[in-house]
S.K.: 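My structure is below; once you've seen it, I'll send some questions.
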Amino acid sequence: LAVLFDSASTVPDLLSIFHEQEMTETVHETNGHGYLATFVGKNGRFVILRVHSHGLVTIDLQCYEEDNISQLDNLLNALETKLKALLNGNITRIKRLPALIRGAKVDRYWPTADGRLIEYDIDGVVYEEDSAYQNIKILHSQQFGNILVLNGDVNLAESDLAYTQAIMGSGKEDYAGKEVLILGGGDGGILAEVVKQKPKMITMVEISFIKVIDGCKMHMRKTCGDILDNLKGDCYQILVEDCVPVLKKYVKEGRMFDYIINDLTAVPISTEPEEDSTWEFLRLILDLSIKVLHPSGKYFTQGNSVNLSEALTLYEEQLGKLSCPVDFSKEVVCVPSYLELWVFYTIWKK
């Protein structure tokens, strides 16, 4: 519970709430910064009461999973009712938050790109492996189906056809008879959708593909179908390689592609030192890709959350620094499992 009220003068009266629950109280020194007490009760229940000098009161109740939920609800209801009575007319706002589940076998909490904590309805881990480059998990969500999570980042769920369609041009492009290069895309979703349009050839380059393919071809078939069962098909080939030397090779050979789809990484959210290498990687991939893009071709990539406007602006500034001048457009799409709006870019040579 979190309560904001106008005066801390009623603090002593709050203690009776916990004494009635036969909870043992310990008061802690705060050096003049409000009031802090902890209470221990039945079944290992533990309460932290914090009254800040500016009037915010927080009450955190911790318990074990096997505790009686109805009893806990009754306790919280009683606390809320007593608080409203004690602070008659002085409460600016009161809010009770759902329980956070700590230490569970399955992690349900994943942050959005802009740092908001989301609780998913995840009920199981169906796949987990470590490659030389990243941790790979596939988690099951009752709402979104299986979700691919790479290094703690929600990558793609079986519900996320909107992502795949957006990074392919949102149905506005004709891939028939075209040369297509996919960078990344280890879940197979993009490859499966482009193949349907009968292109001349798709080359997909994925550095950590083997571990990802093992999981996705077993547990993400609603996304990839059977496309990952073979590394080669009538109109596609999958190269399990680092895309940088492959791109440099294509530049040297004068190879050209009608479409390049970059599904490697999102735009970094800042320019902090730890992300400098990611920015450098993005610039390198962009520059090499534009060099192998046909003069009338298009380059598609994801950006990041629409809320990260500064990061997206920085990315757009990079587009003006490439060896070949380009123009771009962007589209905002709702990706179901991301629970936020996502930006996608289309880039072409001037």
S.K.: Is it possible for you to say whether Leu239 and Phe257 belong to one hydrophobic cluster, with membership spreading through side-chain heavy-atom contacts below 4.5 Å?
M.R.: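 Yes, Leu239 and Phe257 fall within the same hydrophobic cluster.
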S.K.: So, Lys321 and Glu317, do they make that salt bridge, N to O below 4.0 Å?
M.R.: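 No salt bridge links Lys321 with Glu317.
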S.K.: Looking only at non-hydrogen atoms, find the nearest pair between Asn146 and Met220 and report the distance.
M.R.: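 Shortest heavy-atom contact: O-SD, 3.5 Å.
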S.K.: Taking CD in Glu65 as the centre, count heavy atoms belonging to other residues, nucleotides or ligands within less than 6.0 Å. Is the count above 12?
M.R.: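 Counting neighbours around CD of Glu65, 12 or fewer heavy atoms of other residues, nucleotides or ligands fall under 6.0 Å, so no.
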S.K.: Between Asn135 and Asp130, do the side chains contain an N or O donor and an N or O acceptor separated by less than 3.5 Å?
M.R.: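 Yes, side-chain donor-acceptor contact under 3.5 Å.
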S.K.: Does some side-chain heavy atom of Glu173 sit less than 4.5 Å from a side-chain heavy atom of Gln197?
M.R.: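 Gln197 vs Glu173: side chains apart.
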S.K.: Could you check whether the rings of Tyr259 and Tyr175 sit parallel, tilted or perpendicular, using 30° and 60° as the cut-offs?
M.R.: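 Rings of Tyr259 and Tyr175: tilted, as their planes differ by 30° to 60°.
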S.K.: Which residue in the set Val333, Val343, Asp114 passes side-chain contact (heavy atoms from CB on, under 4.5 Å) when paired with Val306?
M.R.: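 Single pass found, and it is Val343.
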S.K.: Write down the atom of Asp242, the atom of Val205, and the distance for their closest heavy-atom approach.
M.R.: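 For Asp242 and Val205, the tightest heavy-atom pair comes out as C-CG1, 4.2 Å.
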S.K.: Using the rule that two of Ile, Leu, Val, Met, Phe, Trp, Tyr join whenever any of their side-chain heavy atoms come within less than 4.5 Å, decide whether Val195 and Leu161 are in one cluster.
M.R.: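 Result: no, two separate clusters.
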S.K.: Side chain of Asp153, backbone of Asn155: donor and acceptor closer than 3.5 Å?
M.R.: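 Side chain of Asp153 to backbone of Asn155, a donor-acceptor pair under 3.5 Å: no, none is there.
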S.K.: Side chains of Asn262 and Tyr345: do they bring a donor and an acceptor to under 3.5 Å?
M.R.: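 Asn262 vs Tyr345: no donor-acceptor pair found between side chains.
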S.K.: Please assess Ile136 against Ser131 for the test side chain to side chain contact (heavy atoms under 4.5 Å, CB included), listing each intermediate value before the final yes or no.
M.R.: CA-CA 7 Å; Ile136 304 155; Ser131 74; 4.1 Å; yes
S.K.: Identify the two heavy atoms, one from Ser141 and one from Asp121, that lie closest to each other, and give their separation to 0.1 Å.
M.R.: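 Here Ser141 and Asp121 meet closest at OG-OD1, 2.5 Å.
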S.K.: Please determine whether the number of non-hydrogen atoms from other residues, nucleotides or ligands lying under 6.0 Å from atom CD of Glu310 exceeds 12.
M.R.: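 Incorrect, the count does not exceed 12.
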S.K.: Transitively linked via ILVMFWY side-chain contacts under 4.5 Å: Trp348 with Ile285?
M.R.: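 Per the 4.5 Å side-chain linkage, Trp348 and Ile285 are not co-clustered.
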S.K.: Should the heavy atoms of other residues, nucleotides or ligands under 6.0 Å from CG of Asp73 be counted, would the total exceed 12?
M.R.: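 It does: Asp73 CG has more than 12 such atoms within range.
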S.K.: Are the side chain of Asp258 and the backbone N or O of Glu179 linked by a donor-acceptor pair below 3.5 Å?
M.R.: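 Yes, Asp258 side chain to Glu179 backbone: donor-acceptor pair under 3.5 Å.
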S.K.: Report the C-alpha separation of His140 and Asp123 in whole Å, then their side-chain angles, then the decisive distance to 0.1 Å, and conclude whether the side chain to side chain donor-acceptor pair (under 3.5 Å) test is met.
M.R.: CA-CA 6 Å; His140 180 260; Asp123 56 15; 2.8 Å; yes
S.K.: Rounded to the nearest 0.5 Å, what's the gap from NE2 on His219 to NZ on Lys137? Could you check?
M.R.: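 Going from the NE2 atom of His219 to the NZ atom of Lys137 covers 14.5 Å.
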S.K.: Got a donor-acceptor contact below 3.5 angstrom from the Asn43 side chain to the Asp67 backbone?
M.R.: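 Not at all, since once roles are kept as given, no pair shorter than 3.5 Å links the two residues.
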S.K.: Side chains of Trp110 and Ile118, heavy atoms from C-beta outward: is any pair under 4.5 Å?
M.R.: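 No - every pair of side-chain heavy atoms lies 4.5 Å or more apart.
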S.K.: Can you check whether Ile213 reaches Leu231 side chain to side chain, under 4.5 Å on heavy atoms?
M.R.: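 Ile213 vs Leu231: side chains touch.
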S.K.: If you apply the rule side chain to side chain contact (heavy atoms under 4.5 Å, CB included), what do you find for Leu72 with Arg45, and how did you get there?
M.R.: CA-CA 9 Å; Leu72 292 172; Arg45 293 174 191 169; 3.5 Å; yes
S.K.: Using distance alone, with no hydrogens and no angle criterion, decide if Asn77 and Arg96 have a side-chain donor and acceptor under 3.5 Å apart.
M.R.: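 A pair is found: one side chain offers a donor N or O, the other an acceptor, under 3.5 Å apart.
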S.K.: Does any part of the side chain of Arg283, heavy atoms only, come nearer than 4.5 Å to the side chain of Glu280, both counted from C-beta?
M.R.: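 Sidechains of Arg283 and Glu280: in contact.
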S.K.: Atom CE of Met201 and atom CG of Asp234: how far apart are they, to the nearest 0.5 Å?
M.R.: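 One gets 8.5 Å once the value is rounded to the nearest 0.5 Å.
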S.K.: Does the pair Asp229 and Arg221 meet the rule for a side chain to side chain contact (heavy atoms under 4.5 Å, CB included), with working shown?
M.R.: CA-CA 10 Å; Asp229 293 348; Arg221 292 187 85 85; 3.0 Å; yes
S.K.: Under the side chain to side chain contact (heavy atoms under 4.5 Å, CB included) rule, collect the residues that match up with Ala157, sequence neighbours excluded.
M.R.: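 With sequence neighbours excluded, Ala157 shows a side chain to side chain contact (heavy atoms under 4.5 Å, CB included) to Phe144, Ile147, Ser159, Asp160, Ser337, given in chain and number order.
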S.K.: At their closest point, which heavy atom of Pro199 faces which heavy atom of Cys235, and how far apart are they?
M.R.: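 Where Pro199 meets Cys235 most closely, the heavy atoms are O-CB, 3.5 Å.
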S.K.: Could you grab the distance from atom CG of Leu293 to atom OH of Tyr299, nearest 0.5 Å is fine?
M.R.: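 Atom-to-atom, Leu293:CG and Tyr299:OH are 9.5 Å apart.
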S.K.: Do Lys330 and Glu316 meet the salt-bridge criterion of a basic N to acidic O distance under 4.0 Å?
M.R.: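 Result for this pair is yes, salt bridge flagged.
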S.K.: Apply side chain to side chain contact (heavy atoms under 4.5 Å, CB included) to residues Leu282 and Thr301 and explain how you reach the verdict.
M.R.: CA-CA 11 Å; Leu282 278 178; Thr301 190; 6.0 Å; no
S.K.: Measuring from atom OH of Tyr120 to atom OH of Tyr109, what distance do you get when rounded to the nearest 0.5 angstrom?
M.R.: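 With rounding to 0.5 Å, OH (Tyr120) is 13.5 Å from OH (Tyr109).
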S.K.: What I'd like to find out is whether the side chain of Leu36 reaches to under 4.5 Å of the side chain of Ile48, using heavy atoms alone.
M.R.: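 They are in contact (side-chain heavy atoms under 4.5 Å apart), so the answer is yes.
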S.K.: Would a 4.5 Å heavy-atom cut-off, applied to side chains only, mark Leu286 and Tyr315 as touching?
M.R.: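 SC-SC contact between Leu286 and Tyr315 confirmed.
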S.K.: With side chain to side chain donor-acceptor pair (under 3.5 Å) as the criterion, how do Thr203 and Gln237 come out once you've worked through the C-alpha distance, each side chain's angles and the decisive distance to 0.1 Å?
M.R.: CA-CA 5 Å; Thr203 301; Gln237 61 175 338; 3.2 Å; yes
S.K.: Any donor-acceptor pair under 3.5 Å linking the side chain of Lys349 with the backbone of Gly297?
M.R.: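 No; zero donor-acceptor contacts below 3.5 Å.
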S.K.: Same cluster for Phe328 and Val267 if Ile/Leu/Val/Met/Phe/Trp/Tyr side chains link at under 4.5 Å?
M.R.: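 Yes, Phe328 connects to Val267 through the hydrophobic network.
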S.K.: Answer with yes or no whether the side chains of Ser305 and Glu340 bring together a donor and an acceptor at under 3.5 Å.
M.R.: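 There is such a pair between these side chains.
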S.K.: Where do Tyr127 and Lys211 come nearest, in terms of heavy atoms and distance?
M.R.: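 Shortest heavy-atom separation between Tyr127 and Lys211 comes out as OH-O, 2.8 Å.
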S.K.: When rounded to the nearest 0.5 angstrom, what is the spacing between CZ in Arg102 and OH in Tyr64?
M.R.: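 Separation between the atoms: 12.5 Å.
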S.K.: Would you check if Lys298 and Lys172 make a side-chain contact, meaning some heavy-atom pair closer than 4.5 Å?
M.R.: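 Not touching, per the 4.5 Å side-chain cut-off.
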S.K.: Please say which of Thr38, Val47, Thr24, Leu75 ends up in a side-chain contact (heavy atoms from CB on, under 4.5 Å) with Phe18.
M.R.: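 Option passing the side-chain contact (heavy atoms from CB on, under 4.5 Å) with Phe18: Val47.
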S.K.: Are Leu183 and Phe281 connected in the hydrophobic side-chain network, where two residues link if heavy atoms are under 4.5 Å apart?
M.R.: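 Leu183 and Phe281: one cluster.
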S.K.: Looking at Glu29, I want to see if its CD is surrounded by more than 12 non-hydrogen atoms of other residues, nucleotides or ligands under 6.0 Å.
M.R.: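 Yes, CD of Glu29 has more than 12 neighbouring heavy atoms, counting only those of other groups under 6.0 Å.
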S.K.: First locate atom CG of Leu247, then atom OG of Ser289, and finally report the distance between them rounded to the nearest 0.5 Å.
M.R.: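 Reported to 0.5 Å precision, the distance equals 5.0 Å.
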S.K.: Is the shortest heavy-atom distance from the side chain of Thr30 to the side chain of Arg50 under 4.5 Å?
M.R.: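 Thr30 vs Arg50: side chains touch.
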S.K.: Which atom names give the shortest non-hydrogen contact between Glu331 and Ser170, and what distance separates them?
M.R.: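 The pair with the smallest heavy-atom distance is OE1-OG, 2.6 Å.
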S.K.: Checking Glu206 side chain against Gly186 main chain: does a donor-acceptor pair fall under 3.5 Å?
M.R.: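 Checking the backbone N and O of Gly186 against the side chain of Glu206, a donor-acceptor pair under 3.5 Å is found.
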